[in-house]
Amino acid sequence: MTAQDSPAKPSNWNAPNIITAARIVATPFFLWMLLADGGDGGPLRWASAVFFVVAIATDAWDGHLARSRGLITDLGKLLDPIADKALTGAALVGLSILGELPWWITIVVLVREIGITVHRLMIAHDVVVAAAWMGKLKTVVQAVAITLALLPLAAVLGPAAPVAYWANVLSMTAAVVLTIVSGIDYVVAFVRARRTRP
């Protein structure tokens, strides 16, 4: 195959990358909405929860769009994890600032997420560590736990508020456990891939 026959590389200015970049740009606005009413559960708090759900949905959608239409780029590979961690991190930090989530949970999750994301980018041209099912499950459970924490359900449910509280506690506990375990799983997978590399 000649250079003329080889398929052209997709432009960085494609729909998935633009959607990803928009999530990064909008993250500070999300954090402002979360903190604006000081945890009173007003309209901006609901808006922040809706924004988070929509942003998580677009994260999955733009990834599918990039793969199905051959629009995967090096810039997209760089921006996507940054957008994901920025949104998750902003939500956790905001909840901790409001006193609704212990800071140690936020720190544990952010150290794991940022550490492994940076490590993946550093070794991308050396060792490839495939995404494991546990990591994907962790991402889903984190999204559910953060969504439940963002939604001010206690004010809506009234007498049934304890149900929402315990659902939040259990989902966040599961998210933290999976965050730690999947991090250990990643390290083990990296060591194995390093050993078996030709």
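Index from 1, following the sequence. Reckoned from all heavy atoms, side chains included, excluding hydrogens, waters and symmetry mates.
Partners of Leu110 according to the side-chain contact (heavy atoms from CB on, under 4.5 Å) rule, which considers only residues two or more places apart in sequence or in another chain, are Val93, Thr106, Ile114. Here Ala83 pairs with Thr20, Arg23, Ile24 under the side-chain contact (heavy atoms from CB on, under 4.5 Å) rule; sequence neighbours left out. Listed by chain and number, the residues in a ring pair (Phe, Tyr, Trp, His ring centres under 6.0 Å) with Trp32 are Phe29 (sequence neighbours excluded). Under the side-chain contact (heavy atoms from CB on, under 4.5 Å) criterion, Asp84 pairs with Asp59, Thr88, not counting sequence neighbours.
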Item to check | side chain to side chain contact (heavy atoms under 4.5 Å, CB included) between Trp46 and Asp37, worked out | outcome: CA-CA 11 Å; Trp46 283 98; Asp37 67 359; over 6 Å; no

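Residue Val111 belongs to a hydrophobic cluster whose other members are Ile107, with links defined by side-chain heavy atoms closer than 4.5 Å.
Annotation for Pro152 and Gly41: closest pair CB-CA, 3.8 Å, computed over non-hydrogen atoms. Minimum heavy-atom separation, Val141 to Ser171: CG1-O, 3.8 Å. Smallest separation of non-hydrogen atoms from Leu31 and Gly94: CD1-CA, 3.8 Å. Here the closest heavy-atom approach between residue Ala149 and residue Met172 is recorded as CB-CE, 4.1 Å.
Sorted by first and then second residue, the side chain to side chain donor-acceptor pair (under 3.5 Å) pairs with a member in residues 140-151 read Glu113-Gln142, Gln142-Thr179; sequence neighbours excluded.
Phe52 has its side chain out of reach of Leu151: every pair of non-hydrogen atoms, C-beta onward, lies at least 4.5 Å apart. Using a 4.5 Å cut-off on side-chain heavy atoms (C-beta onward), Trp104 and Val176 make contact.
Rounding to the nearest 0.5 Å gives a distance of 11.5 Å between NZ of Lys85 and CG of Leu92. Atom CZ of residue Arg112 and atom OG of residue Ser182 lie 3.5 Å apart, to the nearest 0.5 angstrom. With values rounded to the nearest 0.5 angstrom, Met134 atom CE is found 9.5 Å from Ile184 atom CD1.
Looking only at distances, a side-chain donor or acceptor of Arg45 sits under 3.5 Å from a matching main-chain atom of Leu150.
Here the rule is side-chain contact (heavy atoms from CB on, under 4.5 Å) with Phe51, and of Ile56, Leu44, Leu87, Leu34 only Leu87 fits it. When each of Leu35, Ile105, Leu101 is checked for a side-chain contact (heavy atoms from CB on, under 4.5 Å) with Leu95, only Leu101 meets the rule.
In the hydrophobic clustering of ILVMFWY residues, with side-chain heavy atoms under 4.5 Å counting as a link, Ile180 and Val109 come out together.
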